[in-house]
Amino acid sequence: MSVQPAVSNPALALLLSDGEGQTVARSAQRQRPLLESLTEAEKKSVLQRGRKRVLYRGATLFSQGSPHDGIYLIESGRIRVFYAAPSGREITLAYWYPGNFVGGPEVFGGGPHVWSGMAASNSSVVHLPGGVLRDLASEIPALAISLIDGLVFKGKCYSTMAQMLGTRSITERLAHLLLHLADLYGVPEDDGVLIAASFTHADLAHLVGATRQWVTISLRRLAERGVVEARRSDILIRRPAALAQMRSGKDA
């Protein structure tokens, strides 16, 4: 049975652009928690001026095209941020976990949201409206610096993701994603590494820019070759070296 991902890093994020340790330093793959560098008194001041919201899985946090009004600091759960094309097709930009914030890039408000955010699992967030956040950033320099660092991190991730979508085949992106999931949520077993996380074929498709049917067929073919094994809603990576070859554009 699939389980929710265990989050050891308080600012863990899942992005298609992440997970290649050979090209990106491990420490550079994580966004620092927004409030990490604040004193306890400063953290208390920030949280007291925010508004807590609890969302059940599937609930919308903000919608593409709606007005910006500050940011949402994730306390628990998992928030999926995605873009929807006029055709209705969606591409997942990232899954963000506790410690991260969503709702940018116009963190102080103004203009419409250019993508949407929804709860991928039961979640709680603290909403910091744009005006409140601007005042807090003026009062607490460490918070202002953390906001800038967070926006820089997100900008780099989304830029790298755009490059990957434009330069790599869907097969390469799927191999990359499976290895990344194994790195983040892998549980070693005698016959491979089990991805102990609840991501459906549709979730994977939205991350790599493909259809659910394509992902299902591709996973079946990989299973026939002994590269992976489907276990109900979980995936066992049997031959990670073969996936690494696929990620680099070579046939396994």
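- Between the side chain of Glu36 and the main chain of Pro33, no donor-acceptor pair closer than 3.5 Å is present.
- Of the possible polar contacts, one joining the Arg173 side chain to the Arg168 backbone as a donor-acceptor pair under 3.5 Å is found.
- Heavy-atom minimum distance, Pro112 versus Gly65: CB-O, 3.6 Å.
- Between Val46 and Leu34, the closest side-chain pair of non-hydrogen atoms is not below 4.5 Å.
- In this structure, Met118 and Leu61 have side chains that are not in contact, with every pair of non-hydrogen atoms separated by 4.5 Å or more.
- Taken from OH in Tyr72 to CG in Leu128, the straight-line distance is 10.0 Å, to the nearest 0.5 Å.
- Scanning all heavy atoms of the two residues, the minimum distance from Val187 to Ala196 falls at CG2-CB, 3.7 Å.
- Put simply, the side chain of Ser116 does not reach to within 4.5 Å of the side chain of Glu90, judged on heavy atoms.
- Side chain of Ser45 to main chain of Ala41: no donor-acceptor pair is present (N/O by atom type, distance under 3.5 Å, no hydrogens or angles).
- Looking at Leu177 and Leu181, their side chains come closer than 4.5 Å, going by heavy atoms from C-beta outward.
- Here Lys43 pairs with Glu40 in a salt bridge; the nearest charged N to carboxylate O distance falls below 4.0 Å.
- Contact annotation: the side chain of Leu73 approaches that of Leu47 to within less than 4.5 Å [non-hydrogen atoms, C-beta and beyond].
- Between Glu172 and Met246, the closest heavy-atom pair is CG-O, 3.2 Å.
- Contact detail for Ser124 and Lys52: the closest heavy-atom pair is CB-CE, 4.0 Å.
- In this structure, Thr167 contributes its side chain and Gln163 its backbone to a donor-acceptor pair below 3.5 Å.
- Side-chain polar atoms of Asp203 and Thr200 form a donor-acceptor pair below 3.5 angstrom.
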Side-chain atoms of residues 208-217: list all donor-acceptor pairs with protein atoms under 3.5 Å, sequence neighbours left out, distances to 0.1 Å.
unit_1: Thr211; atom_1: OG1; unit_2: Trp214; atom_2: N; d: 3.1
unit_1: Thr216; atom_1: OG1; unit_2: His201; atom_2: ND1; d: 2.8
unit_1: Thr216; atom_1: OG1; unit_2: Arg212; atom_2: O; d: 3.1

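- Residues Ile237 and Ala182 come closest through the heavy atom pair CG1-CB, 4.2 Å.
- The side-chain tip of Arg80 does not point at the ring of Phe199 from less than 6.0 angstrom away and within 45° of straight on.
- His127 and Asp69 get closest at one heavy-atom pair: NE2-O, 2.6 Å.
- With hydrogens and angles ignored, the 3.5 Å screen pairs no side-chain donor or acceptor of Ser121 with any backbone N or O of Gly77.
- In this structure, Leu207 CG and Leu93 CG are separated by 9.5 Å, a value rounded to the nearest 0.5 Å.
- A donor-acceptor contact shorter than 3.5 Å is absent between the side chain of Asn122 and the backbone of Tyr56.
- Trp115 and Tyr158 have their aromatic ring centers within a separation under 6.0 angstrom.
- Residues Arg78 and Leu14 are not in side-chain contact: their nearest non-hydrogen atoms beyond the backbone lie 4.5 Å or more apart.
- Remark: side-chain polar atoms of Gln64 are paired, donor with acceptor, to backbone N or O of Ala84 under 3.5 angstrom.
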